[in-house]
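Reviewing the structure listed below.
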Amino acid sequence: MPSRQPVLIVDDDAQRGARLGQALAQASLASEQVGSGQEALAWLERATPSLILVKAALEGPSGYDLLRALRSRPATAELPAVMLVASGDDEGVACAFEAGADDVLRTPFGPAELVARVRGQMRLRGYVETIAQRSSEAELLLELTQALASSLDLREMLGMVVRRVAEATGVDRCSIVLARERGDVGYVVASNDDDQVYNLPLDLEKYPEIRQVLQSGAPLSIDDASTHPLYEVVRREAPPLGYASLALVPIVFEGRALGVLFLRWRARHAAGRPVLALAQTIANATAVALRNARVLQSLRDQSEESDVARREAERRLRLTERYADVFESAADGIVVVGRDGSVAFSNPRAREILGFGKDAPASGLREVLDAPELATARRTREALERGEAPISLDVRAKRADGEAVTLGANVSLLHEDDAILVSFRDVTAERRTADELRKTKGFLERVIDSSVNAIVSADLRGQVLLFNRAAERCFGYAADEVTGKLGAGALYPPGVARRIMRLMCERGGRLENFRTEVAAKGGERVPVSMSAALIYEGGRAVGSVGIFTDLRDRIRMETRLVAAQEELKARERQALIAELAGATAHELNQPLTSMMAYAEMLKRRLEREAPAYAAAEVIFNEAQRMAEIVRKIGKITRYETKSYVGQTTILDLDKASEGPESGAPAPPGAAETP
């Protein structure tokens, strides 16, 4: 249902303000737009919005200044306010809440988020106003019903009713008009603006609104009396009415309207459902009080024959008035328990909660309490008699059908009657849900505490709220050294925490598999892989959580693996060199053998005195020495220099020497030169 008051948009960018208004209009939310803080203050002097949507960076007085001005004025101190702040401006967000913003909307944003934030704040403020109004009405109702039940002066009692109703509803005039059974004449018996008015006669022919309520027995609300058809005849024959708006509720007892509770406003005013409901409740209590006053007067007239009987009748009447009239229609169960444990009074709701039926006798309720609970009741009475404040407690009971229930009870001592007033409601389902929530919370805490990854959570101020065991191992702190004592920024090297928060905001509130370092106790920098996210409540960020994987063991393992790989490559290179040396030794063996053979042959054919003989001998000796060196190389590399001995495998230098130039594939195990 759309709000009657518009949303006030304060933005010096007219186009964006128009887009905001269009988005609200599509959600059936009316809006007004102004371009500066001064215009907004002027607009608020003549109207009241349902919410103000203000840009932070306004020209002239900023949005922060505007909010501070609104919060300093009683008329706008509680006005819901949402501030538009640029994305990534964390300082702006903090300043917005400090200035009095109820929520912050980071730009850019979508229409759905805008509408959700606006409606959320409206709904929240509506809850607050409703609770405050109901609390005020409950206090007023209790005050009036107690006064109506205890006062013996009818004129004083009715005067107090109209004064308090006028104060609570803001009405200009509140009066009580009682009518004869014929309905032709009424009597004003009380008016808030004239204490001397009592039994002032009225010709009801001139008050069609009173006649209609008396005849129909239903409330009547008139927002504009100057145009309402009910006053058409009156307007022709009488001077203009002095009041613009009216509301009347019947004072009904036993199906007959005794009179009306008459509310009037000089200015146009729409009497809402809460006002009418409050007035109707007070009218009903007034009807009971009028009945009791008449009964009391009758009893007084008849009790002169027996003073003892008269006092007893008055005591019983006061007891009935105090309990029955006030609490008969209460939503909570209400019982009055005497010192001996007897139930002196129970309202229909109490009997209904305990399964006895609305018409069951009050005395039967004592049977629903277990013996331990009766002992608790006695201790509660003793505490109240010592002057302690009223006590709230849970009471175990069983319904008439044997079903066990838990009652949330509030107790207070009635000193005059030496009894305890107990109001209660069935909280069995709520307590069962709370117990399940406690179990679930404990399970989640155990899961978090047993996680192998470090988990740290903090509020938006940076205060650490959660620090599991894995976090203790990763950071070196004990949980009680951090939780509630240490800021989250102390867990990171300088500047890292701010950078992480900025990245989360830029990426939609989430950050996954981000490699960084954290600062452990003692200053050690610990490499980690982290995933983090903002925590939202009601569409507003309230904190953050981070999950950290300690990378120290992984990095050490990777370092050892790299070292092993380097060692393996070195060994492979050494093996290749050895293999190449062996193959070279084998290939050199044959030409050297041939040289030795030819040198020996030349020596045999030449004379010793021939010059060539000495050369042949030199060639033979040098070839022999070279062959010995080649043979030693072959042994060192585990290759025989003899021709293909056994199953020996040697490197084929011919194929290896072809290489890429010939297009032949490289041999197995060949590596590029670094």
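Excluded from the calculations below are hydrogen atoms, water molecules and symmetry mates; all remaining heavy atoms, backbone and side chain alike, are included.
Residue-environment remark: CD (E98) stays at or below the threshold of 12 foreign heavy atoms within 6.0 Å. The environment of E91 atom CD is sparse: at most 12 non-hydrogen atoms of other residues, nucleotides or ligands sit within 6.0 angstrom. Other residues, nucleotides and ligands contribute more than 12 heavy atoms inside 6.0 Å of the CZ atom of R73. Summarising the local packing, CZ of R106 is surrounded by more than 12 heavy atoms from other residues, nucleotides or ligands at distances under 6.0 Å.
With hydrogens and angles disregarded, a donor-acceptor distance shorter than 3.5 Å links the side chain of S50 to the backbone of Q5. Here the side chain of R117 pairs a donor or acceptor atom with the backbone of G539 at under 3.5 angstrom. Under the 3.5 Å distance criterion, the side-chain polar atoms of R540 are left unmatched by any main-chain donor or acceptor of L105. Of the possible polar contacts, none joining the Q463 side chain to the D459 backbone as a donor-acceptor pair under 3.5 Å is found.
Side chains of I52 and L70 form a contact here, defined as non-hydrogen atoms less than 4.5 Å apart. The shortest side-chain heavy-atom distance between T483 and L465 does not fall under the 4.5 Å cut-off. Side-chain contact between L79 and P49 is present, with heavy atoms from C-beta onward closer than 4.5 Å. Using a 4.5 Å heavy-atom cutoff, the side chains of V7 and V118 are in contact. In this structure, the side chains of L53 and V10 stay at 4.5 Å or more apart for every pair of heavy atoms. Counting heavy atoms from C-beta outward, L491 and L486 have side chains that approach closer than 4.5 Å. Residues C474 and V528 are in side-chain contact: their nearest non-hydrogen atoms beyond the backbone lie under 4.5 Å apart. Proximity of I500 to M530: side-chain heavy atoms (C-beta onward) are separated by under 4.5 Å at one or more points.
A donor atom on one side chain and an acceptor atom on the other are found under 3.5 Å apart for D426 and T428. Looking at T549 and N453, their side chains do bring a donor and an acceptor atom within 3.5 Å of each other.
Sequence neighbours left out, the pairs with a member in residues 478-490 that pass salt bridge (Lys or Arg N to Asp or Glu O under 4.0 Å) are E481-K521. Note on residues 438-492: pairs passing ring pair (Phe, Tyr, Trp, His ring centres under 6.0 Å), not counting sequence neighbours, are F467-F475, F475-F548. A side chain to side chain donor-acceptor pair (under 3.5 Å) check over residues 7-22, counting only residues at least two apart or in different chains, returns the pairs D11-R16, D12-K55.
Among all heavy-atom pairs drawn from V526 and A520, the shortest one is CG2-CB, 3.7 Å. Listed here is the closest heavy atom pair of A40 and L66: CB-CD2, 4.0 Å. Contact record, S529 with R515: CB-CD, 4.0 Å, taken as the closest heavy-atom pair. Nearest heavy-atom pair, S544 versus S457, reported as atom, atom and distance to 0.1 Å: O-OG, 3.0 Å. In terms of heavy atoms, E32 sits closest to P6 at CG-CG, 3.9 Å. Minimum interatomic distance between R473 and S451 (heavy atoms only, all atoms of both residues): NH2-O, 4.1 Å.
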Is there a side chain to side chain contact (heavy atoms under 4.5 Å, CB included) between Q33 and L8 once you walk through the steps?
-> CA-CA 6 Å; Q33 181 183 354; L8 179 60; over 6 Å; no
Verdict with supporting geometry, S531 and L511, side chain to side chain contact (heavy atoms under 4.5 Å, CB included) | CA-CA 5 Å; S531 295; L511 193 62; over 6 Å; no
Before giving the answer on side chain to side chain contact (heavy atoms under 4.5 Å, CB included), spell out for V542 and Y536 the whole-Å C-alpha distance, their side-chain angles and the decisive distance to 0.1 Å.
-> CA-CA 6 Å; V542 296; Y536 293 91; over 6 Å; no
Kindly determine whether I9 and V34 satisfy side chain to side chain contact (heavy atoms under 4.5 Å, CB included), including the steps that lead there.
-> CA-CA 6 Å; I9 301 171; V34 296; over 6 Å; no
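In this structure, D90 CG and L460 CG are separated by 9.0 Å, a value rounded to the nearest 0.5 Å. The CZ atom of F424 lies 9.0 Å from the CG atom of D332; values are rounded to the nearest 0.5 Å. For the atom pair CZ of R431 and CG of L407, the computed distance is 10.0 Å after rounding to the nearest 0.5 Å. Atoms OG and CD, from S87 and E506 in turn, are 7.0 Å apart once rounded to the nearest 0.5 Å. Here CG of D103 is found 5.0 Å from CD of Q121. Values are rounded to the nearest 0.5 Å.
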Name the atoms and distances for all side-chain donor-acceptor pairs under 3.5 Å in residues 555-565, with sequence neighbours left out.
unit_1, atom_1, unit_2, atom_2, d
R556, NH2, D553, OD1, 2.2
T559, OG1, I555, O, 2.8

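Remark: D449 does not engage R446 in a salt bridge, criterion side-chain N to carboxylate O under 4.0 Å. Between D435 and R438 there is a salt bridge, with a side-chain nitrogen of the basic residue lying less than 4.0 Å from a carboxylate oxygen of the acidic one. Ion pairing of R71 with D102 is present here, as a side-chain N (NZ or NE/NH1/NH2) and a carboxylate O approach within less than 4.0 Å.
The side-chain contact (heavy atoms from CB on, under 4.5 Å) check on I448 picks up I455, L466, N468, with sequence neighbours excluded. With sequence neighbours excluded, the residues satisfying salt bridge (charged side-chain N to carboxylate O under 4.0 Å, His left out) with E524 are R552.
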